[in-house]
Amino acid sequence: MARRYWLMKSDPDTFGLPELKKSPKKTTEWDGVRNYQARNLLRDEIRVGDGVLFYHSQLSPPRVVATAEVVRAGYPDPTQFDRRSPYFDARSRSEDPRWYAVDIRLVKEFAREVGLPELREVAGLEDMVLLNRSRLSVQPVTSAEWNIITNLGRGEINLGR
DNA sequence: GCCAACGTTGGC
DNA sequence: GCCAACGTTGGC
């Protein structure tokens, strides 16, 4: 199966690139997602080896800061069963988990962060989910979009147009 | 900090 | 099943 690509958002006040870099094996559990559409992607679509654009929301401007890779596919998000977690969900049963997580590993920090206003201007990204349905915290990225954005992140001229 | 977009809840 | 009220996300 062809490698697929995703954009995953993180609030850097909670967990950002510095924390990812410091994590063991530069790997983290990407958890806490409490939206059903995003859950379905985590549970059913995202596979080991898929590429991830690591995105910082809540910044001015919000920006893509790194690439990562899925190293563990969807599994029940442990935080939903943890009463001390802000993501605890009393209605979820362990035999029928409601929420899923994946593990991602940092691959490459961008040489140049790519901000949202720039993404809006680049030819070839007009249909990005990020630019049209902004609130989804994990969303599909096409291979063409992936190539354009990772080129921008390398600081090279964008050849995608 | 504000507020628009939009997802979820719950009364009917 | 509809939809108003409410809560959250996230850009600005």
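Naming convention: chains lettered A, B, ... in sequence-line order (proteins, then strands); numbering from 1 in each chain. It should be emphasised that the depicted structure is a prediction, and the values quoted were computed from it without experimental measurement.
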In whole Å, what is the span from the NE2 atom of A:H56 to the P atom of C:dG11? 12 Å
Would you please name every residue forming a ring pair (Phe, Tyr, Trp, His ring centres under 6.0 Å) with A:Y75, sequence neighbours left out? none
Verify the contact: side-chain N or O of A:K9 to OP1 or OP2 of C:dG10, cut-off strictly under 4.0 Å; return yes or no. yes
State plainly whether the residues A:R39 and A:D77 are in salt-bridge range, i.e. N to O under 4.0 Å. no
For A:F54, ring pair (Phe, Tyr, Trp, His ring centres under 6.0 Å) partners two or more places apart: A:H56
Are A:Q139 and A:K9 packed together at the side-chain level, in the sense that at least one heavy-atom pair is separated by less than 4.5 angstrom? yes
Is the phosphate of C:dG11, meaning OP1 or OP2, less than 4.0 Å from a side-chain N or O of A:R133? no
Mind calculating the distance between CZ (A:R120) and C1' (C:dG10) to the nearest angstrom? 11 Å
For atom CZ of A:R93, decide whether the heavy atoms of other residues, nucleotides or ligands shown that lie under 6.0 angstrom number more than 12. no
Under 3.5 Å, N/O pairs linking protein and nucleotides 4-8 of chain C:
| unit_1 | atom_1 | unit_2 | atom_2 | d |
| --- | --- | --- | --- | --- |
| C:dT8 | O2 | A:R135 | NH2 | 2.9 |

Can A:R112 and A:E118 be counted as an ion pair, charged N to O under 4.0 angstrom? yes
Taking only residues two or more places apart in sequence, or in another chain, which ones meet A:W6 in a ring pair (Phe, Tyr, Trp, His ring centres under 6.0 Å)? none
Tell me: CG of A:L59 to C1' of C:dC12, nearest whole Å? 13 Å
Comparing A:N132 and A:Q58 on DNA chain B - which has the more 5′ nearest nucleotide: A:Q58
Might you work through the side-chain contact (heavy atoms from CB on, under 4.5 Å) test for A:I46 and A:V138, ending with a clear yes or no? CA-CA 10 Å; A:I46 298 177; A:V138 52; 3.9 Å; yes
Expected output is a numbered-order residue list: members of residues 28-36 of chain A with a heavy atom under 4.0 Å from any atom of DNA chain B. What is it? A:N35, A:Y36
Looking at A:Y55, does any N or O in its side chain come under 4.0 Å of the phosphate oxygens OP1/OP2 on C:dG11? yes
Look up atom CG in A:L53 and atom CZ in A:R63, then write down how far apart they are to the nearest 0.5 Å. 15.5 Å
When the axes are fitted on five pairs at both termini, how much does the helix from B:dG1-C:dC12 to B:dC12-C:dG1 curve, in 10° steps? 10°
Atom-to-atom span, CG of A:D89 to C1' of B:dT9 - whole angstrom: 13 Å
Validation row: A:L17, A:L106 side chains within 4.5 angstrom (heavy atoms): yes
Heavy atoms under 4.0 Å, any strand shown: does A:R63 hit a base, just sugar-phosphate, or nothing? nothing
Between CG of A:D11 and P of C:dG10 the distance, given in whole Å, is 9 Å
Beyond-backbone contact of A:L125 with A:V122, side-chain heavy atoms, under 4.5 angstrom: yes
